[in-house]
Amino acid sequence: MAFYETAVRPLLFRLDPERAHDLTVRASELAGRSALARRAARRALAVDDPRLRTTFAGLELANPLGLAAGFDKNGRAVGLLGALGFGHVEIGSVSAWPSGGNPRPRLFRIPQDGGIVVSYGVPNDGADAIRARLDAARPAVALGINLVKTNDPARPAVEPDVYEDYAASLARLQDRADYVALNLSCPNSAADRDFFDDLPRIDRLLAALGEAGVRRPLFLKLKPTQDAGVLREIVAIADGHPFVSGFGINLPAGKPDTLEIRSTPRDRLAAMPGAVGGPPVEALVNDILATLYGIAGDRYALVAAGGVASADGAYRKLQLGASLVQLYTGLVYRGPRVITEILRGLVERLERDGHATVAGAVGSAAR
Ligand SMILES: Cc1cc2nc3c(=O)[nH]c(=O)nc-3n(C[C@H](O)[C@H](O)[C@H](O)COP(=O)(O)O)c2cc1C
């Protein structure tokens, strides 16, 4: 077993989950300032293989694996995170103004299922502070910046304020990003979460951003739905805005029946407010991914996160149509070695299936 799982995780798991998260980010921030630490991390973890190289929305990436939004909400740790072997790192969600998030406790572990329950409510320092931080340190890999509406009861989710909120953070941050993701379903207050259920609002948001000027590939991180009609409508809306490069899928809010909970008692789970990340969402996300790929095909790039903690899980998402695969919860349970394990495993699987590159495997399950 790796050092992380035997020595580090038991210590971190003794702490309150949010405190453990803060400590990890702070330690990563400090380590990231040292060129020596970055070099050591890269040497220990990175897998440099030409078969893993891939193009995504015009970006040349070393591999298709990335860190999902939510770990480094404030862009503090990009120095180290960019040296762990990921092909890209997505920070945020970031809002135009600082957001305090929801009351604590707002982060929980469900170790029996290898999952996390999260109701952070997108606490973050706001676009200006994060822009200044990114001017001081940039990752050595592609950087995605995930944007969300400010979570502040004084700024309710109403038109056109919501669009202006996204436009303000886009204007402040897009020049610091290689791509921008719009978090359209943040599970914080119900009003914010459900705002874009009225799909024409997505169209109006994109129109407002287009008018303000979009200079980076833009991704829409959608509220998960298995309704193909809704997905078709969203893709049709995106078709009207050529700067949209693709889609991602967020966590479902609450505890829907589609979650695959194997061992955590349901009453325990019900007592934890928030959305579940990790293996319990893998089947749901994969199902939506396959549907979305069937609709969007190769016209759009899909970025998929949800329960990836192994090479098999990451490869499956590529086969179902994802161009990029991300993880968060798997890193919490398995530590940074999981990155190396997944990348090596992807090379083996590409070779086994006769794909010269990652692109050959993308969507292969649908052919
Ligand atoms: C603690 C935590 C915080 C998250 N915060 C955000 C966020 O701020 N913005 C966002 O778009 N997604 C956020 N996510 C969702 C992740 O980016 C990812 O889509 C999801 O967790 C599925 O991947 P996983 O199963 O590998 O964790 C968060 C997830 C977790 C577990």
Side-chain angles (χ1 to χ4, degrees), residues 68-70 90 92-97 99 101-102 118-122 124 127 144-153 155-170 173-174 179-212 214 217-254 256 258 274-275 281 284-285 288-289 291-292 295-296 300 302-306:
E90 188 170 315
S93 296
V94 182
S95 48
W97 290 274
S99 296
N102 293 335
V118 53
S119 66
Y120 262 138
V122 291
N124 76 92
I145 305 186
N146 180 307
L147 307 180
V148 75
K149 177 201 161 279
T150 305
N151 182 16
D152 178 346
R155 299 178 187 276
V158 293
E159 299 181 272
D161 303 18
V162 169
Y163 313 141
E164 288 163 5
D165 197 299
Y166 281 95
S169 41
L170 182 74
L173 286 167
Q174 64 176 330
Y179 74 87
V180 172
L182 305 181
N183 179 356
L184 298 185
S185 82
C186 199
N188 49 57
S189 81
D192 289 5
R193 183 171 68 227
D194 300 333
F195 181 80
F196 290 105
D197 284 359
D198 181 4
L199 300 182
R201 288 177 168 173
I202 298 181
D203 197 29
R204 294 204 277 279
L205 168 68
L206 295 175
L209 298 183
E211 221 160 274
V214 179
L218 202 76
F219 285 79
L220 308 181
K221 194 166 179 183
L222 307 174
K223 177 172 173 172
T225 173
Q226 287 170 297
D227 184 333
V230 169
L231 294 172
R232 222 172 281 124
E233 215 174 307
I234 292 172
V235 172
I237 288 169
D239 286 342
H241 304 276
F243 50 78
V244 177
S245 294
F247 305 95
I249 302 159
N250 215 327
L251 295 175
T258 42
V281 296
L284 171 68
V285 168
I288 299 171
L289 175 61
T291 308
L292 198 51
I295 296 165
Y300 290 97
L302 305 182
V303 182

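The figures here come from the full heavy-atom set of this structure, side chains too, leaving out hydrogens, waters and symmetry mates.
Take Phe247 and apply the ring-ring contact (aromatic ring centres under 6.0 Å, His included) test, not counting sequence neighbours, and it matches Tyr300. Every residue meeting the side chain to side chain contact (heavy atoms under 4.5 Å, CB included) condition with Ala68, not counting sequence neighbours, appears here in chain and number order: Ala305, Gln326, Tyr328. For Ser245, there are no side-chain hydrogen bond (donor to acceptor under 3.5 Å, both in side chains) partners at least two apart in sequence or on another chain. Asp227 pairs by the salt bridge (Lys or Arg N to Asp or Glu O under 4.0 Å) definition with nothing, not counting sequence neighbours. Under the salt bridge (Lys or Arg N to Asp or Glu O under 4.0 Å) criterion, Asp197 pairs with Lys223, not counting sequence neighbours. The side-chain hydrogen bond (donor to acceptor under 3.5 Å, both in side chains) test applied to Gln226 returns Asp287, not counting sequence neighbours. Annotation: side-chain hydrogen bond (donor to acceptor under 3.5 Å, both in side chains) contacts of Arg232 (sequence neighbours excluded): none. Every residue two or more places apart in sequence or in another chain was checked for a salt bridge (Lys or Arg N to Asp or Glu O under 4.0 Å) with Glu164, and none qualifies. Shown here are the salt bridge (Lys or Arg N to Asp or Glu O under 4.0 Å) partners of Asp161, two or more places apart in sequence or in another chain: there are none. Partners of Arg201 by side chain to side chain contact (heavy atoms under 4.5 Å, CB included), not counting sequence neighbours, listed by chain and number: Glu159, Tyr163, Phe195, Phe196, Asp198, Arg204. Under the side-chain hydrogen bond (donor to acceptor under 3.5 Å, both in side chains) criterion, Asn146 pairs with Glu90, Ser93, sequence neighbours left out.
In this structure, the side chains of Leu209 and Leu182 come closer than 4.5 Å at one or more pairs of heavy atoms. Side-chain contact between Val180 and Leu173: absent, with no pair of heavy atoms (C-beta onward) separated by less than 4.5 Å. A heavy-atom distance below 4.5 Å is found between the side chains of Pro252 and Leu284. Side chains of Asp203 and His241 form a contact here, defined as non-hydrogen atoms less than 4.5 Å apart. Annotation: side chain of Ile237 is not in contact with side chain of Val244 (no heavy-atom distance under 4.5 Å). Looking at Leu220 and Leu206, their side chains come closer than 4.5 Å, going by heavy atoms from C-beta outward. Using a 4.5 Å heavy-atom cutoff, the side chains of Ile202 and Ile234 are in contact.
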- Message: I'd like to know whether Val230 forms a side-chain contact (heavy atoms from CB on, under 4.5 Å) with Leu222, so could you lay out the CA-CA distance, the side-chain angles of the two residues, the decisive distance to 0.1 Å, and finally the verdict.
- Response: CA-CA 11 Å; Val230 169; Leu222 307 174; over 6 Å; no
- Run the numbers on Leu205 and Val162 for side-chain contact (heavy atoms from CB on, under 4.5 Å), then give the verdict. CA-CA 8 Å; Leu205 168 68; Val162 169; 5.6 Å; no
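Here the shortest heavy-atom pairing between Ala96 and Ala168 reads CB-CB, 3.9 Å. The two residues Val285 and Gly306 come nearest to each other via the heavy atoms CG2-CA, 4.3 Å. In terms of heavy atoms, Ser95 sits closest to Asn124 at OG-ND2, 2.9 Å. Between Leu292 and Val235, the closest heavy-atom pair is CD1-CG2, 4.1 Å.
Atom CD1 of Ile249 is separated from atom CD1 of Ile288 by 5.5 Å, given to the nearest 0.5 angstrom. Separating the CG atom in Asn151 from the CG atom in Asn102 is a distance of 5.5 Å, to the nearest 0.5 Å. Atom CG of Leu147 is separated from atom OH of Tyr166 by 8.0 Å, given to the nearest 0.5 angstrom. The CZ atom of Arg155 sits 6.0 Å away from atom OG1 of Thr150, with the distance rounded to the nearest 0.5 Å. From Lys221, atom NZ reaches atom CG of Leu184 across 10.5 Å, with rounding to the nearest 0.5 Å.
Pairs of residues two or more places apart, or lying in two chains, never qualify as salt bridge (charged side-chain N to carboxylate O under 4.0 Å, His left out) while including a residue from residues 243-252.
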